[in-house]
Amino acid sequence: MMDIRPNQTIYINNLNEKVKKPELKESLYGLFSQFGPILDVVALKTPKMRGQAFIVFKEIGAATNALRSMQGFPFYDKQMRLQYGKSESDAVSKMKGTFRQEGGKRKDPSAPKKAKKAKTSATAAAATAKPSEDGDGADEAADLPPNQILFLTSLPEETNEMMLQMLFNQFPGFKEVRLIPGRHDIAFVEFDTDAQSAAARSALQGFKITPTHAMRISFAKK
DNA sequence: AGCACA
């Protein structure tokens, strides 16, 4: 059913309602940021809004791509259903400078909060101040010859098997993910062939599972 | 099933 006109926000439903909000948002962010920059992920657990989420992309093209690619994607044991959002997200209006509180139309629970918290540039600087391990030999593995097993590094602490499965699952030839007990930061992902592992590798190289952690993918040592 | 953002 071709219903709603393209929108840079994707509306998702049929999500697993048992997943807690922070985890849900993180996983959605990880899963969808492969299509392009994301402005916001909105998920509410209110009776009306549970099981649904909004992914706000910077570009409509990214949203369209996501819509086509992720329709029916198995996510926490349910198939996600995607549509374009019906209206413009606040994150978009804010970016365009057209954001209005629409006096009265929307619920105003209490005090009018006019000023949003300003991101201090100190915070922003701290966020980017993460040392990047360029040039200190940390990426010697880049030279390993292709094989069917990928080696993931720089994984954030909250990584779990399901998140990695969701990411790598979508590539042909996927076999399994192996986590290492006692190490949250590395994992192995196996494919049927080295061509298939190479394709997944280039697609997901630098993928941000969380906004601050870009994972690194190399081929495993044989 | 359910289209919000505090």
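Note on naming: letters A, B, ... go to the chains in the order of the sequence lines (proteins, then strands), and numbering restarts at 1 for each one.
- Taking the ring centroids of Phe219(A) and Phe151(A), they lie at or beyond the 6.0 Å cut-off.
- Looking at residues two or more places apart in sequence or on another chain, you find a side-chain contact (heavy atoms from CB on, under 4.5 Å) between Glu161(A) and Gln165(A), Val177(A), Leu179(A).
- Rounding to whole angstrom units, CG of residue Asn7(A) and C1' of dA4(B) are separated by 12 Å.
- Within the structure, a side-chain polar atom (N or O) of Lys48(A) is placed less than 4.0 Å from OP1 or OP2 of dA4(B).
- Every residue meeting the ring pair (Phe, Tyr, Trp, His ring centres under 6.0 Å) condition with Tyr11(A), not counting sequence neighbours, appears here in chain and number order: Phe54(A).
- Within 3.5 Å, a donor on the side chain of Ser89(A) pairs with an acceptor on the base of dA4(B), or the reverse.
- In the set dC5(B), dG2(B), dC3(B), the nucleotide with an atom closest to the side chain of Val42(A) is dC5(B).
- Rounding to whole angstrom units, CZ of residue Arg81(A) and P of dG2(B) are separated by 13 Å.
- Using a 4.0 Å heavy-atom criterion, one finds that Asn14(A) contacts the bases of the nucleic acid, with or without backbone contacts as well.
- The shortest distance between side-chain heavy atoms of Leu155(A) and Met163(A) does not fall below 4.5 Å.
- Panel note: side chain Lys45(A), backbone Glu17(A); a donor-acceptor pair is recorded below 3.5 Å.
- Checked by atom type and distance alone, the side chain of Gln205(A) pairs as donor or acceptor with a backbone atom of Ile217(A) at under 3.5 Å.
- One cannot find a donor-acceptor pair under 3.5 Å joining the base of dA4(B) and the side-chain atoms of Glu88(A).
- Taking only side-chain atoms of Leu44(A), from C-beta outward, the nucleotide of dC5(B), dG2(B), dC3(B) with the closest atom is dC5(B).
- At a non-hydrogen distance threshold of 4.0 Å, nothing from residues 60-69 of chain A comes into contact with DNA chain B.
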